[in-house]
Amino acid sequence: MRVVSFGLGLLVLFATACTPGAAVEAPADEPELVLGQLIYTNNCASCHRPDGRGGRGVQLNEGKVIENFANPADQLALIANGRGQMPAYSARLTAEQLDAVVRYTREVLNTAAAGE
Ligand code: HEC
């Protein structure tokens, strides 16, 4: 029994250590931002990392997304149409989901410091 729980403990430790940055929580009283977080976690975090610091995808947090897209509509167009290695999401996400993920990256992820 002891060996089994030791093994489980190790597994939990290992899983925690391998999480590449925690998801940045949207405020619970903002349903559109909560939806944006869900979309981001399921579609974007694999490349841009949960905290937006970048990896296979470019960095989105620490002001980058606002710096590079003064106008949110331009950011939405990039996500919808894709660019280079960045996939196009116009056929995968609804207009509502695109709006939500743009808001989430600008209003929640953007202000989160990398690697926290
Ligand atoms: C397969 C990996 C991958 C996935 C999945 C992905 N991206 Fe990207 N993304 C990239 C890469 C690579 C770039 C850089 C594109 C280029 O300019 O060559 C990028 C660029 C961007 C940019 C522009 C950043 C800038 O400052 O120019 C935004 C915004 C963005 N992605 C948002 C998202 C969102 C939102 C999602 C999920 C809906 C997502 N990405 C999913 C790889 C990915």
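Please read these numbers as outputs of a predicted model, since none were measured by experiment. Remember, it's 1-based here, ligands and their atoms both numbered in the order they're listed.
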N/O donor-acceptor pairs under 3.5 Å from side chains in residues 96-103, not counting sequence neighbours:
| unit_1 | atom_1 | unit_2 | atom_2 | d |
| --- | --- | --- | --- | --- |
| Gln97 | OE1 | Thr94 | N | 2.9 |
| Gln97 | OE1 | Thr94 | OG1 | 3.4 |
| Arg103 | NE | Glu107 | OE1 | 3.4 |
| Arg103 | NE | Glu107 | OE2 | 2.8 |
| Arg103 | NH1 | Glu32 | OE1 | 2.8 |
| Arg103 | NH2 | Glu107 | OE1 | 2.9 |

Check: Are any non-hydrogen side-chain atoms of Tyr104 and Leu35 less than 4.5 angstrom apart?
Finding: no

Notebook entry, point to check: Around atom 8 (Fe) of ligand 1, what protein N, O or S atoms are found below 2.8 Å?
Noted result: His48 NE2, Met86 SD

Note to self: Any non-hydrogen side-chain atom of Arg92 less than 4.5 Å from a side-chain atom of Pro87?
What the structure shows: yes

Next item on the list: Output the list of atoms in ligand 1 that are nearer than 4.0 Å to some heavy atom of Arg56, sorted by atom number.
Entry: 1 (C), 12 (C)

Notebook entry, point to check: Should Leu93 and Phe69 be regarded as members of a common hydrophobic cluster, given that ILVMFWY residues are connected when their side-chain heavy atoms come within less than 4.5 Å of each other, either directly or indirectly?
Noted result: yes

Name every donor-acceptor pair, under 3.5 Å, that has one atom in a side chain of residues 72-82 and the other anywhere in the protein, sequence neighbours excluded.
| unit_1 | atom_1 | unit_2 | atom_2 | d |
| --- | --- | --- | --- | --- |
| Gln75 | OE1 | Arg106 | NH1 | 2.8 |
| Gln75 | NE2 | Thr105 | OG1 | 2.8 |
| Asn81 | ND2 | Ala77 | O | 3.1 |

Check: In terms of residue, atom name and distance, what is the protein heavy atom nearest to atom 26 (O) of ligand 1?
Finding: Asn68 ND2, 2.6 Å

Notebook entry, point to check: Is there a heavy atom in Tyr40 that sits closer than 4.0 Å to ligand 1?
Noted result: no

Next item on the list: Keeping to residues at least two apart or across chains, list the side chain to side chain donor-acceptor pair (under 3.5 Å) pairs with something in residues 33-47.
Entry: none

Note to self: Is there a continuous path of hydrophobic side-chain contacts, each under 4.5 Å between heavy atoms, that joins Ile66 to Val108?
What the structure shows: yes

Next item on the list: Check whether Val34 and Ile39 end up in the same hydrophobic cluster, where Ile, Leu, Val, Met, Phe, Trp and Tyr are linked by side-chain heavy atoms less than 4.5 Å apart.
Entry: no

Item checked: Identity of the nearest option to atom 29 (C) of ligand 1, non-hydrogen atoms only, from Gln75, Arg83, Gln97, Arg92 -> Gln75

Note to self: Heavy-atom distances under 4.0 Å decide this one: backbone, side chain, both or neither, for Leu78 against ligand 1?
What the structure shows: side chain

Next item on the list: Name the closest protein heavy atom to atom 41 (C) of ligand 1, giving the residue it belongs to and the distance to 0.1 Å.
Entry: Tyr89 OH, 3.4 Å

Item checked: Protein contact to atom 25 (C) of ligand 1 [nearest heavy atom, distance to 0.1 Å] -> Phe69 CE1, 3.5 Å

Item checked: With Asp51, the side chain to side chain donor-acceptor pair (under 3.5 Å) member among His48, Arg53, Arg49 -> Arg53

